[in-house]
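The structure under discussion appears below in the form of C-alpha cells.
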There are 4 protein chains.
Amino acid sequence: MRQDAQENRERILAAAEEVFGAHGAAGSTEEVARQAGVGIATVFRHFPAKEDLVEAALLRHFDGLAARVRSLAAGPDPAAAWDTLVRTMIGTGATKLTLASALPGSGGFPDRAVAASNRVKTAVGEVLRQAQEHGAVRSSATIEEVYLLIRALSQASATMQIRRDTLDRAVDVVLAGLSQPAG
Amino acid sequence: MRQDAQENRERILAAAEEVFGAHGAAGSTEEVARQAGVGIATVFRHFPAKEDLVEAALLRHFDGLAARVRSLAAGPDPAAAWDTLVRTMIGTGATKLTLASALPGSGGFPDRAVAASNRVKTAVGEVLRQAQEHGAVRSSATIEEVYLLIRALSQASATMQIRRDTLDRAVDVVLAGLSQPAG
Amino acid sequence: MRQDAQENRERILAAAEEVFGAHGAAGSTEEVARQAGVGIATVFRHFPAKEDLVEAALLRHFDGLAARVRSLAAGPDPAAAWDTLVRTMIGTGATKLTLASALPGSGGFPDRAVAASNRVKTAVGEVLRQAQEHGAVRSSATIEEVYLLIRALSQASATMQIRRDTLDRAVDVVLAGLSQPAG
Amino acid sequence: MRQDAQENRERILAAAEEVFGAHGAAGSTEEVARQAGVGIATVFRHFPAKEDLVEAALLRHFDGLAARVRSLAAGPDPAAAWDTLVRTMIGTGATKLTLASALPGSGGFPDRAVAASNRVKTAVGEVLRQAQEHGAVRSSATIEEVYLLIRALSQASATMQIRRDTLDRAVDVVLAGLSQPAG
DNA sequence: TATGAATGAGTGTTCATTCAT
DNA sequence: GATGAATGAACACTCATTCAT
C-alpha cells in the first residue's frame, strides 16, 4: 500500500495546487479532496492541517519552478535565457501561489515554503549572473530587487485583469531599466 | 443623532480599511465591528451587505489616494513630483486594498470601486504627463504600463516581507527604465 | 398632541393588520412602522412588545368583524343573512389573523384577543339563532361547531391556493349539512 | 457508517416533522438538530438548505399519510372506510404540515412536496369514489371540495384549541352535507 | 413625544478537523 | 490505510427592543 499512498499524495498535491492557485488559501479542503478523487480524511492523514497542505503545495510549486529555471541556466545563450526567464515567469503568473502564502497571518508562513521560494530565487540568480557576465544586465543589479520585480509583476499578472500588451510593455520597462549601465 | 451616526460610519470605514487591508476581503465583518467599537448590527445598518462595506472602504481609500496624487500634480517641479509619487505610492503600499478587490471573482466587483480606482489612475496620468513634458520620463510610456508597475510593486510592498532598500532599488530600476529615451 | 398620537396609533394598527395578515406573525415590526409612516420607536411606544402589537391588531380586526356581523343580524331576512354571513366570512378570509394568533407559542395568546374573537362568535351566534328560528338551519346545531367550520374554511381560503368555485362548493356542502333536520 | 447515517437521517426527519409541525416553517434548524440529538452541521450535511429539510419532512409526512389512506381503500366496507378516513385525518391533524408549506410565499414551495400532497389527494379520491359507488356519499361531490374540507378542518384541529366533541360535531355536519342527494 | 441609530441574540450556512467503520 | 459521516466554531445577516437626541 505504500505505492497507493504515494500516488494519493501526488494527486492531492496536484489538486491543491490547482485549487489554491485559483482561489488562494480560501479554497476549501473538501474541494481539494474532491478534485483529487479521495476522501477528505485521506487529505488530513497526509497533511494534518490545512496549513500543511498549503505549505506542501507551495513547496511542490516552487520546486517545479526552480527546476524549470535551472534548465534555462543550462542553455547556451545567457542573454536570451534571461529574457525568456523574466517574460515566462511573469507572463505565466508563475508565482501565483505567493498570494496564498501571503494571506493567512501574514509572514507567519512556513520556513520550508520560504526555503523553497529561495531555491527559485537562487536559480534565478544563476541565470542573472550569467546574463550580467554577458553584459545583458548591468552588473550592479542584485538578485534581491530583480526577484522582487519578477514576483511583483508575476503576482499582478495572476491577480489583476491585465491586457497582454500592457504587461509586455511593463516588462520592457523593467528589462530596459536593468540593462542600463548606471544604477 | 445624525452626528453620532456619521462618526460611527467614519469609524467603521477606518476599521474596514485596516481589516480588509490586512486580511483581504476574507477579513470578517465582526472584526471590523470590534475594531470600530460598535455592534455588528450597526455595521450592517450602515452597509447592508459585506460587499457594500468592502466597496465603501475601497472608495474611501482610493478617493483619499487620488486627492493626495492631485496635490502632487499641483506642485512646481514635475520631475520631483513624479519621483515622489512613484516612491510614495509604492513605499506606503498605497494600493493595498487592490488585493481585496481582486479576490472575489475579479469581474464581480463593484463598478464604483473600479471607477474610484480609475480616478487615481487619471490623477497619476496627469503627473506622468507633466513629467513627460519636462523630459523626466520618456514620451512613449503610457499610463497603462506605468500604473501597472506602480500597482504591482505597491501590492508587493504591502503583502510581502521586503527590506526597504530592496524595494528602493527595485523602484530605481523602474524609474531608470522609464527615463530611457528608447522603448 | 393627543390627537397626533391617536392618529399614529390608528395608522400603526392598520399597517399591522395588513402586514401580519399577509406574512403572519413573522411579519417584521419595522415593516409595520414603514407602512405606517412612523419611526420604529413610535411603534414601541404605543405597543411595548411585538406581542402587544399583534394582540391589538387582532382586537381591531375582530372588533371590526363583529360590527359587520352585527349589522347583518339587524337585517330583515335571517335566512339570507345567514347565507351571506357564512359565504362572506369564508370567502374574504375574514379571520385571516387567527393564523397569526396560532403561531407564537400556541395557546399562549392573550386573553383580550380571545375575548374579541368570542365577541365575533357571539355575533355570529345571534345570526345563527335567527336562522334557526326561521328554519333555515337545523335547531340542533350549536355555535361551537358552526364557528369552527367558518374559521377553518376561512383560514384555508386565506392560506391555501384555492379556486373560487372549489371553495364555493365546499361552503355548499357545509350549508347543506347544516340545513338538514337530522344531526 | 452507512447505517449510522441512515439512522441519523431518520431521526432528523422525525424531529423536523415535530418541530415544523409545531411552529411551522419558522421552526429553527438548530431546534431540529437538538431534538434529533445531532450537531447542526449534520443536519446540513443531509439537507443542504433548510428548504430541503422542510421539503423532506413534508414528503415523509405525506407519503406516510398516503400509505395509511391506501390501506383504508383496500378494506371491505367502503362506507365505513370513508367515515374512518375523514374522522381520522381530521382528528389527528394529519395534514398539520400543510401549514408549513403554506407559509413561505406559497408558490415558491417545492414541487415534490406538492406532488406528495397530491398523492394523498389521489388516495383519498379513491376511497371517496368507492363510497360514492356504495351510495354513502352523493355522486356530485368532487375530490376538490372534499379534500379542501378535510384539509381545512385538519389544519384547524392542529392549530386551534378545539374540544374534541366540537370537532366531532363539525365533522358530522360535513359528512351529513356530503351524504345528501342534492348538490 | 417622535425619531432613527445602536444593540445583541438568533438564524441559516460553511468549513477545518475528528472519529467510527 | 482509506473512507465519509459528525462535529462545533465561525460567518453573514436579521430583528425585536433600547437609548440618545
Side-chain angles (χ1 to χ4, degrees), chain A residues 1-5 8-9 25-34 37-54, chain B residues 1-9 12 26-33 36-53, chain C residues 1-2 4-5 8 25-34 37-54, chain D residues 1-9 12 26-33 36-53:
Chain A
M1 286 288 157
R2 199 56 141 285
Q3 175 127 8
D4 287 27
N8 271 347
R9 197 189 149 89
S28 92
T29 313
E30 289 230 26
E31 175 65 18
V32 172
R34 216 172 301 126
V38 303
I40 180 70
T42 303
V43 174
F44 275 88
R45 170 171 291 275
H46 284 284
F47 308 95
K50 188 186 187 182
E51 193 178 341
D52 301 321
L53 177 56
V54 175
Chain B
M1 198 161 261
R2 202 54 143 288
Q3 177 131 6
D4 290 28
Q6 194 55 37
E7 281 171 26
N8 270 345
R9 198 191 147 90
I12 290 168
S28 89
T29 313
E30 290 227 22
E31 176 66 19
V32 171
V38 302
I40 180 67
T42 302
V43 175
F44 277 91
R45 164 173 281 269
H46 285 282
F47 307 95
K50 187 187 187 182
E51 192 178 339
D52 299 322
L53 178 56
Chain C
M1 286 286 157
R2 198 56 140 284
D4 287 28
N8 272 346
S28 92
T29 313
E30 289 230 25
E31 175 65 18
V32 172
R34 216 172 301 126
V38 304
I40 179 70
T42 304
V43 175
F44 275 89
R45 169 171 291 275
H46 285 282
F47 309 94
K50 188 188 187 180
E51 194 178 339
D52 301 321
L53 177 56
V54 175
Chain D
M1 197 160 262
R2 200 56 140 286
Q3 178 130 7
D4 289 29
Q6 193 55 36
E7 280 172 26
N8 271 344
R9 198 190 146 88
I12 291 168
S28 91
T29 312
E30 290 227 26
E31 177 65 18
V32 172
V38 303
I40 179 68
T42 301
V43 175
F44 276 91
R45 164 173 281 270
H46 286 281
F47 308 95
K50 188 189 186 180
E51 193 179 338
D52 300 322
L53 178 56

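Every chain is numbered from 1 and lettered A, B, ... according to where its sequence line falls, protein lines coming before strand lines.
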Distance check, rounded to the nearest 0.5 Å: C/Leu53 atom CG versus C/His46 atom NE2? 11.0 Å
Can you check whether D/Asn8 has a side-chain N or O nearer than 4.0 Å to OP1 or OP2 of F/dA5? no
Distances under 3.5 Å between nitrogen or oxygen atoms of protein and nucleotides 9-12 of chain F:
{"residue": "F/dA12", "atom": "OP1", "partner": "B/Lys50", "partner atom": "NZ", "Å": "2.8"}
{"residue": "F/dA12", "atom": "OP2", "partner": "B/Thr29", "partner atom": "N", "Å": "2.9"}
{"residue": "F/dA12", "atom": "OP2", "partner": "B/Thr29", "partner atom": "OG1", "Å": "3.2"}

Contiguous Watson-Crick or G-U pair runs (3 or more, under 3.5 Å) in DNA chain F: E:2-21 with F:2-21
Looking only at heavy atoms, the pair that brings B/Ala33 and B/Ile40 closest together is CB-CA, 3.9 Å
5' precedence on DNA chain E between A/Pro48 and B/Gly37 (nearest-nucleotide basis): B/Gly37
Starting at NZ of D/Lys50, measure out to OG1 of D/Thr29 and round the result to the nearest 0.5 Å. 5.0 Å
OP1 or OP2 of E/dA6 sitting under 4.0 Å from any side-chain N/O of B/His46? yes
To the nearest angstrom, how far is B/Glu7 atom CD from F/dA20 atom P? 15 Å
CG of B/Asp4 to CZ of B/Arg9: how many Å apart, nearest 0.5 Å? 15.0 Å
What's the CD1-P distance between B/Ile12 and E/dT7, to the nearest Å? 9 Å
When you compare the side chain of D/Ile12 with that of D/Phe47, does any pair of heavy atoms fall below 4.5 Å? yes
Looking at A/Arg45, I'd like to know whether one of its side-chain N or O atoms comes within less than 4.0 Å of OP1 or OP2 on F/dG1. yes
Let me know the distance between CZ of A/Phe47 and C1' of E/dT18, rounded to the nearest Å. 18 Å
Look at the side-chain N and O atoms of C/Thr42 and state whether any lies under 4.0 Å from the OP1 or OP2 oxygen of E/dT3. yes
In whole Å, I'd like the distance from the CD atom of C/Glu31 to the P atom of F/dT14. 14 Å
